[in-house]
Asker: 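Mind looking over this structure? Questions follow.
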Amino acid sequence: MTQTGITERTAQDVAKRVFIKTYGCQMNVYDSARMADLLAPHGFVVAASPRDADLVILNTCHIREKAAEKVYSELGTIRRLKAAKAGRGGRMLVAVAGCVAQAEGAEIMRRAPCVDLVFGPQSYHRLPDLITRALRVTGTGILDTSFPAEPKFDFLPEAAAPQGVTAFLTVQEGCDKFCSFCVVPYTRGAEYSRPVARVLAEARQFVHGGVREITLLGQNVNAYHGEGPDGREWGLGALIRGLAELPGLDRIRYTTSHPRDVDDELVAAHRDVPQLMPFLHLPVQSGSDRVLTMMNRRHTASYYRRITERLRAARPDLALSTDLIVGYPGESDEDFLATLDLVEEIRFAQAFSFKYSPRPGTPAASGAAQVTEQVKSERLAALQLLLARQQREFNESCVGRVLPVLFEKPGRHEGQLVGRTPYLQSVHVAAAADRIGEIVPALISGASANSLSGSLAEVIST
Ligand code: SAM
Ligand code: SF4
């Protein structure tokens with residue numbers, strides 16, 4: 001019997017191939033990779049398709065209604081694959097993980113009896129144990145959506161080096177902000193920061209395995225306050241400075257931030273740390289103070305303006321990205337125009353915009369003045385037109401410049417690689433495959449709505 005409860009025999013004989021499908025945010029991508037790490041010592045290999053898998057895990061997202069509904073439709077397909085495998089005398093375990101699992105655990109069991117196992121984002125370190133239990137029973141599913149007192153990070157094995165040259169690294173999880181539209185505080189639980197030493201060790205491990213760029217993740221990543229090796233509490237700015245000392249780690253990014261948690265130390269890191277890339281995703285949600293108050297965002301539009309001014313003063317070439325919601329309950333035409341004004345003024349290099357989606361259990365969901373679907377659609381279309389124009393203009397402003405590009409993977413065409421600029425734009429460049437993992441100066445010659453094209457410009461140094 002191993003410490004986690006799966007006997008070598010059960011792992012070897014019963015469940016070998018695990019298929020993990022990830023929905024939603026980058027934190028789910030990180031969690032899925034950690035689930036694979038957790039299962040590897042028990043004999044599981046990752047499968048590319050659910051078809052013959054012994055274990056299928058859907059790692060789900062609950063942020064908007066559409067994201068949650070996708071899971072039930074995928075479970076229809078999985079149910080048929082499970083039945084087909086049973087027809088051939090095999091057994092497939094089906095697990096639902098992540099935020100839909102946390103929010104709708106019992107409902108999943110009721111609507112999808114093919115599911116054997118449901119567990120939330122804070123209990124996946126118990127996965128081997130849960131599988132052992134699920135293998136023993138048939139007919140009744142196992143539900144673990146508790147918020148364990150012990151942080152799961154203390155029980156996860158060392159992360160395996162990611163396959164590529166870029167990696168996500170979760171440093172903070174959960175949220176105490178309770179924006180009135182958002183499920184995260186309910187599905188991910190209270191804010192928690194990993195100790196600095198653990199983060200540095202994981203980053204070192206990644207770099208050792210060939211990673212050159214790390215994106216620090218957290219639902220509210222700049223609320224990070226991990227215990228430092230010096231016994232003091234380190235904020236995100238100090239953590240970034242610590243990471244910048246790791247030889248071989250050339251690029252650092254972080255996401256997602258809250259405007260309220262941008263402090264002096266973080267602004268100074270943008271000024272002083274060359275490895276910290278000049279691109280920041282800083283959600284604003286709305287440009288109307290009335291809506292921001294109703295959203296419980298705890299910042300105004302002018303507070304957001306001031307923060308972006310300070311950041312741009314610290315790092316003049318900083319490119320900004322944001323999240324925006326249209327049609328929040330009670331949002332008037334005037335409120336929406338204030339959002340358009342703010343966007344015009346800030347000028348975003350990239351942005352994500354959404355129609356407000358009522359989430360069960362959140363305060364806004366019961367708000368009386370729900371905006372009609374038609375108005376939401378009209379506002380979203382107008383906003384996206386403006387955002388697309390800004391993104392195109394930003395991309396076009398890069399044409400003629402030489403930018404350092406980190407090559408990540410082969411492009412769609414023969415002899416082409418895809419990489420990223422410091423501003424997170426994709427760039428397609430003709431280059432040999434053995435250059436993946438290098439940061440190379442590229443002369444940008446073309447720009448489209450979503451990407452750039454260019455050619456090697458190595459005579460000019462980075
Ligand atoms: N922590 C980040 C912040 O402070 O804004 C946001 C994280 S959330 C996972 C990602 C984005 O989803 C939010 O910024 C918001 O724009 C969007 N979102 C969250 N709840 C939503 C809802 N109920 N309807 C529409 N969009 C939503
Ligand atoms: Fe959700 Fe972000 Fe608000 Fe937290 S700060 S409640 S994660 S939108």
Side-chain angles (χ1 to χ4, degrees), residues 22-31 59-69 98-100 102-103 121 168 170-193 215-224 236 254-262 280-288 291-299 301 303-304 307-308 320-331 336 339 342-343 348 350-367 370-371 373 376-377 379-380 383-384 387:
T22 309
Y23 298 81
C25 65
Q26 289 127 333
M27 192 166 285
N28 271 8
V29 175
Y30 175 87
D31 287 345
N59 192 10
T60 62
C61 169
H62 199 245
I63 201 80
R64 283 169 290 279
E65 192 180 354
K66 255 193 204 152
E69 276 309 315
C99 293
V100 178
Q102 188 64 43
F168 297 124
T170 295
V171 301
Q172 180 278 341
E173 212 179 335
C175 183
D176 295 340
K177 295 268 188 311
F178 290 91
C179 299
S180 50
F181 52 82
C182 183
V183 287
V184 167
Y186 310 95
T187 56
R188 289 271 172 175
E191 220 178 87
Y192 168 78
S193 295
T215 302
L216 306 175
L217 296 182
Q219 259 89 30
N220 218 188
V221 71
N222 57 336
Y224 179 83
L236 187 66
Y254 62 92
T255 197
T256 298
S257 307
H258 193 286
R260 277 297 295 260
D261 294 317
V262 176
L280 175 59
H281 183 65
L282 190 63
V284 63
Q285 315 298 357
S286 169
S288 152
V291 173
L292 288 168
T293 305
M294 291 193 290
M295 286 178 165
N296 192 31
R297 284 290 291 180
R298 303 182 219 183
H299 63 80
Y303 185 87
Y304 188 87
I307 290 290
T308 53
L320 285 166
S321 152
T322 200
D323 287 343
L324 292 146
I325 295 177
V326 298
Y328 183 83
E331 183 189 67
F336 176 63
T339 297
L342 185 76
V343 170
F348 292 101
Q350 196 189 302
F352 299 92
S353 46
F354 312 102
K355 288 184 205 174
Y356 167 71
S357 164
R359 306 313 294 129
T362 59
S366 48
Q370 297 291 332
V371 173
E373 214 28 56
K376 282 187 202 175
S377 298
R379 288 181 187 165
L380 189 67
L383 178 61
Q384 289 187 339
L387 292 169

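Each ligand, and each atom within it, is numbered from 1 in the order the structure gives. The residues of the chain are indexed from 1 along the displayed sequence.
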Asker: I need the atoms of ligand 2 closer than 4.0 Å to a non-hydrogen atom of P185, numbered in the order shown.
Answerer: 6 (S)
Asker: Do S357 and E65 have side-chain N/O donor and acceptor atoms under 3.5 Å apart?
Answerer: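 Not at all, the side chains of S357 and E65 share no donor-acceptor pair under 3.5 Å.
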Asker: Of all the atoms in ligand 1, which lie at a distance below 4.0 Å from a heavy atom belonging to Q219?
Answerer: 1 (N), 2 (C)
Asker: Hey, are K177 and D261 close enough for a salt bridge, meaning a charged N less than 4.0 Å from a carboxylate O?
Answerer: yes
Asker: Identify the protein heavy atom lying closest to atom 24 (N) of ligand 1, giving its residue, its atom name and the separation to 0.1 Å.
Answerer: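 Of every protein heavy atom, S357 N, 3.0 Å lies nearest to atom 24 (N) of ligand 1.
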Asker: If you count the atoms of ligand 2 from 1 in the order shown, which ones are under 4.0 Å from a heavy atom of F181?
Answerer: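 Near F181, the atoms of ligand 2 are 8 (S).
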Asker: Purely on distance, is any nitrogen or oxygen of F181 under 3.5 Å from one on ligand 1?
Answerer: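 Between F181 and ligand 1 (N or O atoms, distance only) the closest approach is under 3.5 Å.
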Asker: Looking at atom 4 (Fe) of ligand 2, is there an N, O or S atom belonging to C175 that lies under 2.8 Å away from it?
Answerer: yes
Asker: Is it the side chain, the backbone, both or neither of P283 that has a heavy atom closer than 4.0 Å to ligand 2?
Answerer: neither
Asker: Are a donor atom and an acceptor atom from the side chains of S180 and Y328 found within less than 3.5 Å of each other?
Answerer: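 Judged by distance alone, the side chains do pair up.
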Asker: Starting from atom 25 (C) of ligand 1, what is the nearest protein heavy atom, named by residue and atom, and what distance separates them?
Answerer: K355 O, 3.4 Å
Asker: Atoms of ligand 2 less than 4.0 Å from H258 heavy atoms?
Answerer: 5 (S)
Asker: Identify the protein heavy atom lying closest to atom 3 (Fe) of ligand 2, giving its residue, its atom name and the separation to 0.1 Å.
Answerer: C179 SG, 2.3 Å
Asker: What protein heavy atom is closest to atom 1 (Fe) of ligand 2, reported as residue, atom name and distance in Å?
Answerer: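 Its nearest protein heavy-atom neighbour is C182 SG, 2.3 Å.
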Asker: In the protein, what heavy atom is nearest to atom 18 (N) of ligand 1, and what distance, to one decimal place, separates them?
Answerer: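 Protein heavy atom with the smallest distance to atom 18 (N) of ligand 1: R64 NH1, 3.5 Å.
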Asker: Heavy-atom contacts with R297 under 4.0 Å: which atoms of ligand 2 show up? List them by number with element.
Answerer: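 Counting atoms of ligand 2 from 1, those under 4.0 Å from R297 are 3 (Fe), 8 (S).
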Asker: Could you check whether any side-chain heavy atom of H299 comes within less than 4.5 Å of a side-chain heavy atom of H258, counting everything from C-beta outward?
Answerer: yes
Asker: For F178, take its heavy atoms, then give the atoms of ligand 2 lying under 4.0 Å from any of them.
Answerer: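 Atoms satisfying the 4.0 Å criterion: 6 (S).
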Asker: Who's the nearest protein heavy-atom neighbour of atom 19 (C) of ligand 1, and how far?
Answerer: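 That would be I63 CG1, 3.4 Å.
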Asker: Between Y224 and Y254, does a ring pair (Phe, Tyr, Trp, His ring centres under 6.0 Å) hold up when you go through it step by step?
Answerer: CA-CA 11 Å; Y224 179 83; Y254 62 92; over 10 Å; no
Asker: Which residue supplies the protein heavy atom nearest to atom 15 (C) of ligand 1, what is that atom called, and how far is it?
Answerer: Q285 OE1, 3.4 Å
Asker: Which residue holds the protein heavy atom closest to atom 10 (C) of ligand 1, what is that atom called, and what is the gap in Å?
Answerer: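 Answer for atom 10 (C) of ligand 1: D323 OD2, 3.6 Å.
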Asker: Answer with side chain, backbone, both or neither: which part of P283 has a heavy atom less than 4.0 angstrom from an atom of ligand 1?
Answerer: side chain
Asker: Which protein heavy atom lies closest to atom 4 (O) of ligand 1, and at what distance to 0.1 Å?
Answerer: R297 NH1, 3.1 Å
Asker: Where is the nearest protein heavy atom to atom 2 (C) of ligand 1: which residue, which atom, and how far?
Answerer: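 The closest one turns out to be T256 CG2, 3.5 Å.
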